[in-house]
Amino acid sequence: MKPDEFRKHAHELADWMADYLENVENYPVRSLVNPGQIFNKIPDSPPADSEPFSSFMKDFEEIIMPGITHWQNPNFFAYFPANTSPSSILAEMLISTLGAQCMIWETSPAAAELEEKMMNWLRDMIGLPPGFEGVIQDSASTATLAAILTAREKTTGFSINSDGSEHAGTLRVYCSDQTHSSVEKAVKISGIGKKNLVKIPVRDDFSMDPEKLKAEILKDIKEGFIPCCVVATLGTTGTASVDPLRAIGEICHENDIWLHVDAAMAGTALILPEFQWMLDGREYIDSFVFNPHKWMFTNFDCTAYFVKDAGTLIKTFEILPEYLNTRTRGKVNDYRDWGVPLGRRFRALKLWSVIRSFGTEGLREKVRYHIKIASQLSVMISKEADFEILAPVIISVVCFRFNPEGYNEEQLNTLNEKLNHQLNDSGKIYLSHTVLKGKYTLRMVTAQTNVTLVHVENAWALIMKTARGLVS
Ligand SMILES: *Cc1c(COP(=O)(O)O)cnc(C)c1O
């Protein structure tokens with residue numbers, strides 16, 4: 001492609017992008033295609049000759065767009081959001097234009113130094129202690145893997161990295177039974193083994209029971225196991241419950257156990273002074289992860305991973321082949337030593353753009369509004385006798401089900417599953433589900449960048465109408 005063609009297409013694309021964002025509500029929220037529909041429309045072999053960008057765009061519109069689920073549609077209430085915002089998208093354009101691979105300081109000093117500064121900004125915005133240092137990772141799953149590997153090395157005197165995993169099978173990791181599956185994945189990959197992941201039961205509000213944690217740890221020590229890491233969650237995936245950090249932290253402190261905090265979604269709420277209570281006990285934290293790519297309006301991927309002692313993290317991941325041994329080594333941050341991948345995108349730029357565009361007050365206002373409309377939704381639900389709320393509403397997640405008279409538990413599960421499918425198949429809204437204490441539960445997350453109370457009210461009207469239509 002010649003430079004003048006690139007310029008022309010880039011201008012056209014800018015218009016396409018602005019039009020898309022303006023009209024995103026007109027698309028069905030969840031893609032309505034069937035399995036194989038997209039695959040079968042793509043040729044089985046690549047073209048031998050150059051094709052114009054216009055034919056690529058034509059296929060993008062006709063083949064790809066119907067197979068897209070529109071995460072930026074404010075009627076997207078499923079999972080946790082993967083929010084963008086205009087300032088983030090613009091920065092992504094710069095990032096991909098520069099195409100810099102930011103593995104070490106020298107391969108783009110601005111990327112390393114901006115990342116260090118952005119992590120300090122974020123650390124201060126969410127209220128982690130001043131000594132913490134941060135690094136951008138591709139996902140919370142990768143950050144949690146880094147935490148568990150670091151905890152494993154610290155606990156074993158860095159012996160598994162050097163000698164292999166002879167002792168890994170006696171290490172134990174603890175989390176609640178509501179914890180995200182990334183912890184189980186990390187425990188498997190780290191060689192500690194799934195059988196050594198101890199899932200602690202939760203209390204009525206779905207938060208970890210610290211008494212049960214303590215009992216398990218003491219029992220394990222007696223039986224010769226070595227407690228290695230506890231993962232506490234602020235904002236679990238199912239109900240956004242908050243584990244009691246101080247009580248868990250004290251147990252970790254007494255027994256010299258690494259405390260990793262997974263705040264992938266709810267970490268953003270920590271920018272609000274009224275949510276700082278979630279971090280009570282912060283002095284016990286060894287590592288902490290949250291995802292600006294979820295609820296801080298920054299394009300996927302952008303995970304913020306913080307550690308109390310960067311030295312232990314670096315000692316776990318450091319490699320130094322001769323071609324990476326540079327003159328600035330030791331004076332600057334070479335972030336390839338702070339996690340699994342060597343190659344790194346220049347992700348700090350979009351954080352800088354987003355934070356400057358919103359301002360910290362603008363970010364707070366939006367997050368506060370999302371939490372407020374979740375609580376308004378929970379009031380609307382509570383007013384209807386044939387619906388019930390199934391978990392406390394803390395941030396922007398509301399768990400509920402349709403519960404009309406005369407149905408047993410099994411029938412209610414079938415009914416609510418049917419309701420969920422019917423709503424999502426309408427293309428008008430998109431909800432996901434979870435199972436709480438055996439109950440099929442609808443889960444509505446009011447945290448899409450542009451969601452408003454009106455979207456929530458319309459969604460709620462549609463949910464009531466669809467539900468009642470199923471039983472009338
Ligand atoms: C989303 C989520 C994760 C996984 O995040 P990725 O960045 O997709 O790996 C982990 N833990 C919690 C609590 C989450 O909400």
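Numbers here simply count residues along the sequence, with the first being 1. Counting starts at 1 for both ligands and their atoms, in listed order.
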Q.
Please compare Lys294, Gln137, Gln178 and report which has the shortest non-hydrogen distance to atom 3 (C) of ligand 1.
A. Lys294
Per-atom contacts of ligand 1 with [X], taking only distances under 4.0 Å to non-hydrogen atoms:
X      : value
Phe80  : 15 (O)
Asp262 : 10 (C), 11 (N), 12 (C), 13 (C)
His293 : 7 (O)
His180 : 2 (C), 3 (C), 4 (C), 10 (C), 11 (N), 12 (C), 14 (C)
Thr237 : 12 (C), 13 (C), 14 (C), 15 (O)
Asn291 : 5 (O), 6 (P), 7 (O)
Gly235 : 13 (C)

Q: Before accepting this row, confirm whether a basic side-chain N of the pair Glu417/Arg401 lies closer than 4.0 Å to the acidic partner's carboxylate O.
A: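 Between Arg401 and Glu417 there is no salt bridge, as every charged N stays at least 4.0 Å from the carboxylate O atoms.
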**Q.** Lys439 with Glu409: basic N within carboxylate O range, under 4.0 Å
**A.**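 Salt bridge: no.
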Q) Centre of Phe80's six-membered ring, under 6.0 Å away, within 45 degrees of the axis: is that where NZ or CZ of Arg443 sits? A) yes
**Q.** Worked check of salt bridge (charged side-chain N to carboxylate O under 4.0 Å, His left out) between Arg172 and Glu216
**A.** CA-CA 10 Å; Arg172 281 266 155 111; Glu216 284 294 335; 5.7 Å; no
Q. Testing Thr449, Thr268, Ile271 for side chain to side chain contact (heavy atoms under 4.5 Å, CB included) with Trp295, which one passes?
A. Thr268
Does any N or O in the side chain of [X] come within less than 3.5 Å of the main-chain N or O of [Y], such that one atom is a donor and the other an acceptor?
X      : Y      : result
Lys350 : Asp301 : yes
Lys308 : Glu283 : yes
Ser357 : Ser87  : no

Q) Are any of the N or O atoms of Ser182 closer than 3.5 Å to those of ligand 1? A) no
Q: Decide whether an N or O pair under 3.5 Å exists between Ala140 and ligand 1.
A: yes
Q: Report the part of Thr142 (side chain from C-beta onward, or backbone N, CA, C, O) that has a heavy atom under 4.0 Å from ligand 1; answer both or neither where that applies.
A: neither
Q: Could you tell me whether atom 8 (O) of ligand 1 has a protein heavy atom closer than 4.0 Å?
A: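 Protein heavy atoms within 4.0 Å of atom 8 (O) of ligand 1 - there are none.
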